[in-house]
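Worksheet: the structure to be examined is printed underneath.
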Amino acid sequence: SSLLHLFWVSRLISSSCTERKMVDSAQVKALEALVGKLKEDPSLFYAPEMAFFKDYLVSLGATIPKPSATKAEPKTEPTPPPAEEPKKEEEEEEEPEEPEDPDPEHMPEDTEAFPEKGPEGEIELTDAQLDKQGDLQGEAAEAMEDGNFAKALEKFTELIKIGNATAKMYAKRGQILLKMKRPCACIADCDSAIGINPNNALAYRVRGLANRFLGRWEQAQMDLSKGMQLDFDAFDDDAEATKAKKVVAERYEKVKDKQVKRRLKEEKKRAEALKRRKEEAQRLYEEQKKQEASGSAGGGGFPGMGGMGGFPGMPGGMPGMPGGMDPSMLQGLMSDPELMAAFSNPKMMAAMQDILSNPGNISKYQSDPEIMGLMQKVMSSFGGMGGMGGMGGADAGAAGGAAAGATVEEVNEADEVD
């Protein structure tokens, strides 16, 4: 680990000494970005990691401004005008629905309690009970002919309560209730009749009439059509049902037209809302792309220089330079004239690269006091630093060789034993 750091330090120093003429435009831009940050905030000169740079400028005779209590105001770029909100299409004024034509025969919903129903299920009736039901039916019929609907209702209710009420009994009582302008109670009795016999034509015809008087045109259309289908002759003989069928058919057609218009209007609204959402999403997406493009064009900063954000182009183009290296240590190495001279020597740099590619190769240079002295001096500069941690960008082959080969100390110990 220490040798890997040594390798990169040596390359950094060597590059700064021998490749000054090979600085590319990317390095210049990176340096310009650093200078720009320092201009915006001169207090950055006093950051610990910038000590070497400040000392260097001072050695050249530069005057570093003293840190102020408040940071310099960063230059504010003119903000672009806000994006125009997409113009919303003027919503068409909703045409009010045509009011229904008044129905002179309309009945209000009745709120009275519905008449009692008979006991559920089949029960065994006595002869007396059966005779009683027959008498009550006759009395109810006479009351209806006299127009005494209240009495007819009373007789039918008594008849039904005896038990084993038929679908016809409930349908007949429903007719009486409709005559008394109690359409909701009528519908309840017709429901009971249809529950007993789903093919009772009278129950459908009477319930259709009740729905017609309540203005429930769709239900009336279905009930009257069903009643006519089950018993056409009886329907045709019922003048009231025949008249109601014509009225209901006309009203039902208007209801269907309104439903179609309402459905088309709702579909159009949903389509327009979906279009607006798509346009808004596209606008936000394009704005985000512009922001990302402008952000990436602004430069990436100085990675590895603690707190100053990304410096991609170090001299010599050294990928994998450890970001955690203390700049003050680097400054110490660069300030050593012997090390600077050694790193400028191609022979020394070639030897160091050979050793770093495989530390075991140091045995080849045991007889060269110049190289061994340089290695000892550099290694002493890293003393007490625990090897300075790992190096993320180092070549895998070099790392493998370093793990397999001997260290400088191990080779020296071997020399002493010999």
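The shown structure was predicted, so the numbers you read here are calculated from the model rather than taken from an experiment.
Of all heavy-atom pairs spanning K117 and K161, the tightest one is O-CG, 4.4 Å. In terms of heavy atoms, I162 sits closest to K132 at CD1-CG, 3.7 Å. The nearest pair of heavy atoms linking A193 to A203 is CB-CB, 3.8 Å. Between G163 and L125, the shortest heavy-atom distance links the atoms O-CD1, 3.9 Å. Contact record, A201 with D231: CB-CB, 3.6 Å, taken as the closest heavy-atom pair. In terms of heavy atoms, M144 sits closest to F149 at O-CE2, 4.2 Å.
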*I would like to know whether K258 and R262 meet side chain to side chain contact (heavy atoms under 4.5 Å, CB included); could you show each step before the answer?*
CA-CA 6 Å; K258 285 183 179 180; R262 193 179 300 117; 4.2 Å; yes
_Could you go through L136 and F156, starting from their C-alpha distance and side-chain angles, then the distance that decides it, and tell me whether this counts as side chain to side chain contact (heavy atoms under 4.5 Å, CB included)?_
CA-CA 7 Å; L136 289 171; F156 259 109; over 6 Å; no
*Stepwise side chain to side chain donor-acceptor pair (under 3.5 Å) test for E218 and Q259*: CA-CA 11 Å; E218 290 180 79; Q259 288 177 341; 3.0 Å; yes
*Passes side chain to side chain contact (heavy atoms under 4.5 Å, CB included), Q282 versus K278? Steps please.*
CA-CA 6 Å; Q282 182 67 23; K278 286 183 177 179; over 6 Å; no
_Test salt bridge (charged side-chain N to carboxylate O under 4.0 Å, His left out) applied to K246 and E250, step by step_ = CA-CA 6 Å; K246 293 179 181 179; E250 293 175 2; over 6 Å; no
*Yes or no on side chain to side chain contact (heavy atoms under 4.5 Å, CB included) for V247 and D103, after CA distance, side-chain angles and deciding distance?*
CA-CA 10 Å; V247 174; D103 181 9; 5.7 Å; no
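Around the CD atom of E267, the shell of radius 6.0 Å holds more than 12 heavy atoms that belong to other residues, nucleotides or ligands. Within a 6.0 Å sphere centred on CD of E266, heavy atoms belonging to other residues, nucleotides or ligands number more than 12. Within a 6.0 Å radius of CG in D127, other residues, nucleotides and ligands contribute 12 heavy atoms or fewer.
In this structure, CD on Q353 lies 12.5 Å from CE on M348, to the nearest 0.5 angstrom. The CG atom of L209 lies 9.0 Å from the SG atom of C190; values are rounded to the nearest 0.5 Å. To the nearest 0.5 Å, the span separating OH on Y252 from CD on Q219 amounts to 10.0 Å. A distance of 14.0 Å separates CZ of R173 from CG of L178, quoted to the nearest 0.5 Å.
Between E105 and K243 a salt bridge is recorded (basic side-chain N to carboxylate O distance below 4.0 Å). We find that D189 and K172 are not joined by a salt bridge, their nearest charged nitrogen and carboxylate oxygen being 4.0 Å or further apart. For D223 and R212, the salt-bridge test fails: no basic side-chain N is under 4.0 Å from an acidic carboxylate O. Between R276 and E280 there is no salt bridge, since no side-chain nitrogen of the basic residue lies less than 4.0 Å from a carboxylate oxygen of the acidic one. R216 and E109 are joined by a salt bridge, as a carboxylate oxygen and a charged side-chain nitrogen come within less than 4.0 angstrom of each other. Residues K289 and E292 are not paired through a salt bridge, judged by the lack of any N-O separation under 4.0 Å between the basic side chain and the carboxylate. For the pair R205 and D238, the salt-bridge criterion is met [side-chain N within less than 4.0 Å of a carboxylate O].
Counting heavy atoms from C-beta on, the side chains of L153 and R182 come closer than 4.5 Å.
Here the side chain of N211 pairs a donor or acceptor atom with the backbone of R207 at under 3.5 angstrom.
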